[in-house]
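Both ligands and their constituent atoms are indexed starting at 1 by order of listing. Note that these values count all heavy atoms, side chains included, but never hydrogens, waters or copies made by symmetry. All values reported here derive from a predicted model rather than from experimental measurement.
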Amino acid sequence: MKTIINIGELVGIVPEGVLRKQGTEMAETGILHDAWIAIEDGRISGFGPMNSRPADKGEVVDAEGGMVLPAFCDSHTHIVYAGSRDGEFLDKINGLSYEEIAERGGGILNSSDLLGRTSEEDLFRQSIARAREMMEKGTGSIEIKSGYGLSPAGEMKMLRVIRRIRESIPANVRATYLGAHAVGRGYSHEEYVRAVIDLLPEAAGWADFVDVFCDEGFFTVSDTDRILTAAKPFGLRPKIHANELAVSGGVQIGVRHDALSVDHLERTTDAEIETLKGSGTMPTMLPGSSFFLGIPFGRARNFIQAGLGIALASDYNPGSSPSGDMRFVMALGCIKMRLTPVEAFNAVTLNGAYAMGLSEDTGSITAGKRADLILTRPGWTLTRLPYLYQSPFINRVFLRGEPLS
Ligand code: NIG
Ligand code: FE
């Protein structure tokens, strides 16, 4: 048993059973001032104002006026990768676009070559360091995709590394099979789509979700339909890369297959917004990619005005978003997408958890949920998080109720 007392702001209180926020709910979250929160067996056992504080039992942590909020839920990352892509960073500065770099054999194929030359042990070592960096920045739940293997052996190597990370860290880890990230070297397009489908029975033993990069120059709506149809009997719910490079039809095919999320959405028309209404699919925007690639930011305000929720995720990867800093993602959401701090906060906590199928278990201050919490330094408020977006703010991160060591 552990109690955190003298909390200046306890932020993110949500009633049991609320699994996501949509429309005007995006602007709401429960906040208690001058509060306590109790943790038992790694879960939140109670909370309230300091004047109703129960008698001390177990360890007491004095927040000294710091804020407590749920740890960030990052529902879209590619943190299992080998080496780096510095050369492409220079190409980009010199004026090449993401598509041009990919056409020259750079991009995802470059990472695939690097991964092929890296031992599984070394890949694990490099990748878990990124997961640790994310936890230190306040992330408590991480979705990790395969997609740099681009061959059956390479994809399985990545999925094993993701499993090993999941077993080695206190953060929640969800694994996604993204065989259809780019056509692997040596395959024709059709051969590769068949290879992605053929690996589904084995990949399903290691992954929670299936993803396809449904976009111009990568995989078509019809490829995506085939892969998702084949994945269904294995219980792999889709999370789709859509509308990053073009209006791709990925949103529509994702919703038709009851995708848990459709991600990127830098380029969307009103038709995509209409399609998402009434669905169980979480539109997920990745402002770190928009920032790094210099492409449009998602139309978050239009989605919210249409009554939809949105999640924000980091997309941490070596090509389009080399950062897993969720506070920076919040800041971009506010500054570039005109989200309010509360909307951005809901997008990186409860709605991110929903986009990983984890919102019954984490992503808010709710009795019974995992005590995945950030305790800030004194004086921080929710508005300051994205505003003072580079000042050190974390005092301690608790995952399953235990501080990170
Ligand atoms: O989400 N868009 C496709 N996949 C990644 C980028 C991967 C890479 O460039 O290595 C993304 O942006
Ligand atoms: Fe991605």
### Message
Counting the benzene-type ring for Trp, do Phe219 and His241 have ring centres under 6.0 Å apart?
### Response
no

### Message
Suppose we only count N/O/S atoms under 2.8 Å; would Asp315 qualify as near the Fe ion (ligand 2)?
### Response
yes

### Query
With side chains defined as the heavy atoms from C-beta onward, is the minimum distance between Ile374 and Val68 less than 4.5 Å?
no

### Whether His76 has an N, O or S atom under 2.8 Å from the Fe ion (ligand 2)
yes

### Side-chain donor-acceptor contact under 3.5 Å, Asn243 with Thr268
no

Side-chain donor/acceptor pairs under 3.5 Å, residues 282-291, sequence neighbours excluded:
residue	atom	partner	partner atom	Å
Thr284	OG1	Met282	O	3.2
Ser289	OG	Asp315	OD2	2.7
Ser290	OG	Pro296	O	3.0

### Message
If we count only N and O atoms by modelled type, under 3.5 Å, do the side chains of Ser359 and Arg20 hold a donor and an acceptor together?
### Response
no

### Query
Just checking, is any N or O donor in the side chain of Asp211 or His76 under 3.5 Å from an acceptor N or O on the other one?
no

#### Entry: Considering only N, O or S atoms of His241, the one closest to the Fe ion (ligand 2)
NE2

Pairs under 3.5 Å, N/O atoms on ligand 1 and on the protein: can you put them in a table with the distances?
residue	atom	partner	partner atom	Å
ligand 1	1 (O)	His78	NE2	3.3
ligand 1	1 (O)	His241	NE2	3.0
ligand 1	1 (O)	His264	NE2	2.8
ligand 1	1 (O)	Asp315	OD1	2.8
ligand 1	1 (O)	Asp315	OD2	2.9
ligand 1	2 (N)	Glu244	OE1	2.6
ligand 1	4 (N)	His181	NE2	2.8
ligand 1	9 (O)	Arg85	NH2	2.9
ligand 1	9 (O)	Tyr98	OH	2.6
ligand 1	10 (O)	Arg85	NH1	2.8
ligand 1	10 (O)	Arg85	NH2	3.3
ligand 1	10 (O)	Tyr148	OH	2.6
ligand 1	12 (O)	His264	NE2	3.4
ligand 1	12 (O)	Asp315	OD2	2.9
ligand 1	12 (O)	Ser320	OG	2.5

### Message
For Tyr148 and His181, I'd like to know if the aromatic rings sit close, meaning centre-to-centre distance below 6.0 Å.
### Response
yes

